Asks: 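The structure is given below, and queries will be raised subsequently.
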Amino acid sequence: MSTAIIASLLVGAVLALRFKVFILVPTILAAWAVLTGIGLAWEITAAWIALEIAVVTTALQVGYLSALLLEGLAIPPS
């Protein structure tokens, strides 16, 4: 699960640099579909799939917000 968290944080940060907040909705829906498919293929329990979906969704949003905050803290060149 740590790989999914790190990847989601990075994807969220990259999305923040290129797109507006509305890109998160399709990205989260795509992540849900992928995680559900992987979970069903590996015969993982529904509770574990739901937990991973919640964690990945949160990581995407945290990555997006962190990149926005870091971009806002950047000192413009003078």
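Remember, predicted model here, so these are calculated numbers, not experimental data.
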Asks: When Ile, Leu, Val, Met, Phe, Trp and Tyr are grouped by side-chain heavy atoms lying under 4.5 Å apart, directly or through other members, which residues fall in the same group as Leu17?
Replies: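 Members other than Leu17 - counting any ILVMFWY side chain reachable under 4.5 Å - there are none.
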Asks: Going by side-chain contact (heavy atoms from CB on, under 4.5 Å), name the residues that satisfy it together with Val14, two or more places apart in sequence or in a different chain.
Replies: none
Asks: Same cluster or not: are Val21 and Leu15 linked, directly or through other Ile, Leu, Val, Met, Phe, Trp or Tyr residues, by side-chain heavy atoms under 4.5 angstrom apart?
Replies: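 Yes, because Val21 and Leu15 connect within a single hydrophobic cluster, where side-chain heavy atoms sit under 4.5 Å apart.
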Asks: Can you name the residues that form a side-chain contact (heavy atoms from CB on, under 4.5 Å) with Leu68, not counting sequence neighbours?
Replies: Ala16, Tyr64, Glu71
Asks: Distance from Ile44 atom CD1 to Leu35 atom CG, nearest 0.5 Å?
Replies: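 Answer rounded to 0.5 Å: 9.0 Å.
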Asks: What about Leu60 and Leu51, same hydrophobic cluster or not, with Ile/Leu/Val/Met/Phe/Trp/Tyr joined at side-chain heavy-atom distances under 4.5 Å?
Replies: yes
Asks: According to the side chain to side chain donor-acceptor pair (under 3.5 Å) rule, which pairs have a member within residues 34-54, sequence neighbours left out?
Replies: none
Asks: Share the residues that join Leu65 in a hydrophobic cluster, the rule being Ile, Leu, Val, Met, Phe, Trp or Tyr side chains under 4.5 Å apart at the heavy-atom level.
Replies: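 Leu69, all in the cluster of Leu65.
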Asks: Are Leu10 and Ile5 connected into the same hydrophobic cluster when the rule is that any two of I, L, V, M, F, W, Y join if their side-chain heavy atoms are below 4.5 Å apart?
Replies: no
Asks: Same cluster or not: Val11 versus Phe19, using hydrophobic residues (I, L, V, M, F, W, Y) connected whenever any side-chain heavy atoms lie under 4.5 Å apart?
Replies: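 As far as the 4.5 Å side-chain criterion goes, Phe19 and Val11 are connected within one cluster.
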Asks: What's the separation between atom OG1 in Thr58 and atom CG in Leu9, rounded to the nearest 0.5 Å?
Replies: 10.0 Å
Asks: Enumerate the residue pairs fulfilling side chain to side chain donor-acceptor pair (under 3.5 Å) with a member in residues 1-20, sequence neighbours excluded, ordered by first and then second residue.
Replies: none
Asks: Just one of Val55, Val56, Ile49 clears the side-chain contact (heavy atoms from CB on, under 4.5 Å) bar with Ile53, so which one?
Replies: Ile49
Asks: Which donor-acceptor pairs under 3.5 Å do the side chains of residues 24-34 make with protein atoms, sequence neighbours left out?
Replies:
{"residue": "Thr27", "atom": "OG1", "partner": "Ile23", "partner atom": "O", "Å": "2.8"}
{"residue": "Trp32", "atom": "NE1", "partner": "Thr57", "partner atom": "OG1", "Å": "2.8"}

